[in-house]
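Numbers restart at 1 for each chain; the letters A, B, ... are given by sequence-line order, proteins then strands. These numbers come from a predicted model, not from an experiment.
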Amino acid sequence: MNILIDFQHIENEITSFLKHEILDPSVIITPNDKLSVVGLQSLDLMELVFFIERKYQCKLPAELLREEVLFSINSIALFVSDFLVSDLSPSHIQAELNNEN
Amino acid sequence: MRTDLSGQYDVLILGAGASGIGAAIAASRKGARTILIEKYGFLGGLACSAEVGTICGLYTRGSHKTELAGNFANEFRERLERNGSTKMQNNETGLAYLPYEVYAFEDTARTLLKETSLDVLLHATGISISTNHDKASKKIEKINIISGNKTHVISASSFIDASGEAVLSKLAGAKLISSEEYQAPAFVVGINNLSESALSISEKDFNFVLLKELTSAENIGVLEKGTARVSLVPGSLKKRRCKLKLAYPFCRQDSDFEMTLIEDYGRSAALSTFFHLKNNLPLFKDAEIFSLAPQAGIRTGPRGKGLYTLKKAEVLEARKHDKGIANGLWPIEMWGAERKPLLEFFPENDYYQVPADCLISSDISNLFFSGRGISADEYALSSARVIGTSFSTGYASGYLAASSANKEGIDEAIINLRYIEGLS
């Protein structure tokens with residue numbers, strides 16, 4: 001059974017996506033860097049949100065994606081992991097268990 | 001605003017948008033017998049009919065100096081700040097603008113005009129003109145105006161095309177600058193009764209909500225491609241009300257039915273976008289449309305060819321001219337079919353100047369241009385067309401037209417104008 005939400009995994013996936021799909025290869029980014037400072041624009045953040053939604057099979061409510069959430073890789077990962085945990089309804093857990101078996 | 005159309009006017013201005021208002025004030029204050037003709041029932045041109053919502057070109061980029069915008073533009077700004085309880089707003093790129101309510105803009109214009117003795121004719125448009133038939137020195141002599149079911153023949157010494165669409169220039173057969181394609185239009189829709197979260201969301205976050213939701217809808221085919229180009233009109237998010245601006249995903253073409261197509265697209269897109277937001281976002285759950293702009297926002301179109309044509313390079317080099325009669329403070333801002341406009345900046349705290357010859361027709365000696373009708377290439381115009389700069393080119397055209405009607409020398413008129421506007 002693997003319904004644990006792995007925060008580190010999320011942070012790594014976000015970092016990898018930004019490095020390979022959005023940022024210039026020469027840009028070095030760490031989890032706490034302010035994303036606007038490394039040049040990320042709204043369209044880039046939107047692509048990142050779509051990537052996370054595809055990767056974790058979820059829909060992140062747009063109204064919760066405030067500036068303080070989209071601040072850094074770390075803040076986004078925290079938001080996503082909290083959201084995925086709260087998104088786990090009993091039926092969702094049962095479906096996961098069914099898939100495992 | 002009395003209207004007595006008999007006799008000879010010194011200056012006739014077609015169009016009461018930002019530049020027409022500036023021209024009317026300048027000509028009238030200079031003592032010219034002036035008439036201002038406007039097709040709508042209200043003043044302000046696109047600032048009001050298209051509900052642009054922000055005045056650009058009043059502040060330099062960087063430290064937001066206002067004194068460089070010209071004395072008339074500043075006079076309007078100060079009045080509007082008081083009337084409309086508004087103040088400067090700026091964005092992340094250092095660009096500053098003044099948000100306004102449409103009623104306050106129109107009221108500010110109306111008050112200024114009423115302080116002069118000029119004549120105003122609303123719900124009126126030009127249908128034909130007559131010239132002096134002198135090919136060597138062609139001049140417009142009269143214009144036929146239709147207002148309701150009445151026609152009037154009005155004579156003037158100087159004519160200003162402040163129509164924004166080269167209406168007067170075309171009627172006069174003047175040389176024009178035109179192309180097959182102009183910049184993409186925009187459409188403004190007013191929405192109220194947003195949810196409680198509207199009270200605590202920033203403009204930036206609001207725009208991200210729109211971007212994410214509408215792009216998702218585009219991606220899955222629920223909304224047409226090109227629909228996800230919606231943003232808040234800056235300064236319009238007040239309590240639970242806002243105005244949204246839809247950027248068109250296509251450029252304006254130069255064809256007979258173009259305006260009809262543009263209006264049809266804008267109104268349909270505004271409604272389908274709104275209903276999608278209402279059905280999918282808690283923020284819009286109980287929202288209602290309270291207005292659709294009276295017309296789509298046109299950025300550029302055909303304009304008269306002047307003795308000189310302002311060029312892109314001059315804007316980007318922040319070039320000054322001895323005969324510069326208006327300062328341009330806004331960057332090049334080209335709206336094409338792409339998602340975002342192309343912005344090209346000149347240095348911070350700097351400005352370029354519009355030479356007087358951009359306001360004077362190359363082939364009709366008593367025809368002047370102003371606002372988004374000045375003689376400029378498409379790039380330069382994408383900067384000079386903004387409302388703040390239109391006030392200044394308008395004021396300049398009014399002053400020069402009045403001087404010309406009074407048979408004053410152009411060079412001396414330019415020197416005086418530069419002094420009055422605080423340019424020298």
- Task: Using non-hydrogen atoms and a 4.5 Å limit, figure out which bit of A/L70 sits close to chain B: side chain, backbone, both or neither.
- Result: side chain
- Message: Check this for me: A/E68, atom CD, are more than 12 non-hydrogen atoms of other residues, nucleotides or ligands nearer than 6.0 Å?
- Response: yes
- For B/N219, is it the side chain, the backbone, both or neither that has a heavy atom under 4.5 Å from a heavy atom of chain A? side chain
- Query: If you count the non-hydrogen atoms of other residues, nucleotides and ligands that lie under 6.0 Å from OH in B/Y379, is the total more than 12?
  - Reply: no
- Item | B/Q89 atom CD, neighbour heavy-atom count above 12 within 6.0 Å | yes
- Item | Test: A/K59 and B/E213 ion pair at under 4.0 Å | yes
- Going by residue number, which parts of residues 15-29 of chain A are within reach of chain B, meaning a heavy-atom gap below 4.5 Å? none
- Message: Do B/L281 and A/E63 have side chains that approach each other closer than 4.5 Å (heavy atoms only, starting at C-beta)?
- Response: yes
- Within-4.5 Å side-chain heavy-atom neighbours: B/K212 and A/L45: no
- Query: Taking all atoms of both residues into account, what is the closest heavy-atom pair of B/S216 and A/F50, and its distance?
  - Reply: OG-CE2, 3.2 Å
- Quick check: does any side chain N or O of B/D205 sit under 3.5 Å from a backbone N or O of A/R66, one acting as donor and the other as acceptor? no
- Query: Would you say A/Q41 has more than 12 foreign heavy atoms packed within less than 6.0 Å of its CD?
  - Reply: no
